[in-house]
Amino acid sequence: MFDYEEIDRTVRDNGLPLLKIEGEEKASLLRRLYDTFIIGDPRALWLSFKYVPVRIDCNMEDPYWHLPEVIDKDAVLYFIIDYWNTDFVIFKGRMSDIHTFIGDCDGLDEFYLMTTDCDELYSITDHDDLLYINVNENKLNLAEG
């Protein structure tokens with residue numbers, strides 16, 4: 001069952017050196033995420049991106065299996081887990097450790113990977129879409145505003 005205990009178990013059982021972002025740092029990072037990538041306060045963030053995302057073709061497979069082809073294993077990212085549309089759990093860590101987490105966490109189905117400069121965002125949606133935004137390259141979503 002996907003819950004806070006499952007998140008903690010996944011980190012603990014895999015010995016993952018992920019840094020949990022909490023408190024004011026978490027609030028500041030979420031403000032930056034929303035200010036940079038999101039319009040309004042949607043139920044699921046990917047429903048209201050400010051930029052038109054690129055859909056990365058995963059050959060009708062789970063996008064999890066394609067992340068190592070798309071993101072360098074040594075890249076340091078913010079791993080933002082959408083917790084039932086009520087909260088976010090945020091970690092900072094290397095892609096290889098995040099990939100291990102994703103593969104082992106039971107029930108995880110919607111999350112975001114944001115670069116530390118906050119210019120790029122990857123999203124795996126609950127519909128198994130892998131989406132990518134680079135604020136320096138993607139077009140603004142004119143349909144949203």
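Numbering of residues begins at 1 and proceeds along the displayed sequence.
Residue Phe79 holds its CZ atom at 5.0 Å from CG of Leu108, rounded to the nearest 0.5 Å. Going from atom CG of Asp109 over to atom CD1 of Ile124 covers 10.5 Å, rounded to the nearest 0.5 Å. For the atom pair OH (Tyr34) and OG (Ser48), the distance works out to 9.5 Å, reported to the nearest 0.5 Å. To the nearest 0.5 angstrom, Asn141 atom CG is 8.5 Å from Ile133 atom CD1. Taken to the nearest 0.5 Å, the CG atom of Asp8 stands 9.0 Å off from the CG atom of Asp3. Atom CZ of Arg32 is separated from atom CZ of Phe37 by 8.5 Å, given to the nearest 0.5 angstrom.
Judged by distance alone, the side chain of Asp128 and the main-chain N or O of Asp62 form no donor-acceptor pair under 3.5 Å. When atom types are taken as modelled, the side chain of Asp129 and the backbone of Thr125 share no donor-acceptor pair closer than 3.5 angstrom.
In this structure, the side chains of Tyr78 and Tyr112 stay at 4.5 Å or more apart for every pair of heavy atoms. Looking at heavy atoms from C-beta onward, Leu77 lies out of side-chain contact with Met114 at the 4.5 angstrom threshold. Looking at heavy atoms from C-beta onward, Ser123 lies in side-chain contact with Phe49 at the 4.5 angstrom threshold. When side chains are defined from C-beta on, Cys105 counts as touching Glu6, because their heavy atoms get closer than 4.5 Å.
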Donor-acceptor pairs under 3.5 angstrom involving side-chain atoms of residues 13-29: please list them, not counting sequence neighbours.
residue, atom, partner, partner atom, Å
Asp13, OD2, Arg9, NH1, 3.2
Asn14, ND2, Thr10, O, 2.8
Asn14, ND2, Asp104, OD2, 2.8
Glu24, OE2, Arg31, NH2, 2.8
Lys26, NZ, Asp87, OD1, 3.1
Lys26, NZ, Phe88, O, 2.6

Under 3.5 Å, which donor-acceptor pairs link side chains of residues 89-101 to any protein atom two or more places apart or in another chain?
residue, atom, partner, partner atom, Å
Arg94, NH1, Asp74, OD1, 2.6
Arg94, NH2, Ser96, OG, 3.0
His99, NE2, Tyr64, O, 2.9
Thr100, OG1, Ser96, O, 3.1

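Using a 4.5 Å cut-off between side-chain heavy atoms of Ile, Leu, Val, Met, Phe, Trp and Tyr, with links allowed through other members, Leu67 and Val76 fall into different hydrophobic clusters. No continuous path of ILVMFWY side-chain contacts below 4.5 Å connects Val52 to Tyr122, so the two sit in separate hydrophobic clusters. Under the 4.5 Å side-chain contact rule for hydrophobic residues, Leu121 and Leu140 share a cluster. Follow the hydrophobic side-chain contacts under 4.5 Å out from Leu47 and you reach Leu33 in the same cluster.
Looking at Leu113, Val135, Thr115, Asn136 one by one, the single match for side-chain contact (heavy atoms from CB on, under 4.5 Å) with Glu120 turns out to be Thr115.
Scanning all heavy atoms of the two residues, the minimum distance from Lys50 to Ile38 falls at CE-O, 2.9 Å. Smallest separation of non-hydrogen atoms from Leu130 and Pro63: CB-CB, 3.8 Å. Listed here is the closest heavy atom pair of Ile71 and Ala75: CG2-CB, 4.1 Å. Pro53 and Leu131 get closest at one heavy-atom pair: CB-CB, 3.9 Å. Closest non-hydrogen pair, His66 versus Cys58, comes out as NE2-O, 3.2 Å. Considering all non-hydrogen atoms of both residues, Asp82 and Ala44 come closest at OD2-CA, 4.4 Å.
Residue Arg55 qualifies as open at atom CZ: its count of foreign heavy atoms under 6.0 Å is 12 or below.
Below 30°, between 30° and 60°, or above 60°: for Trp46 and His127 the angle between ring planes is above 60°, a perpendicular geometry.
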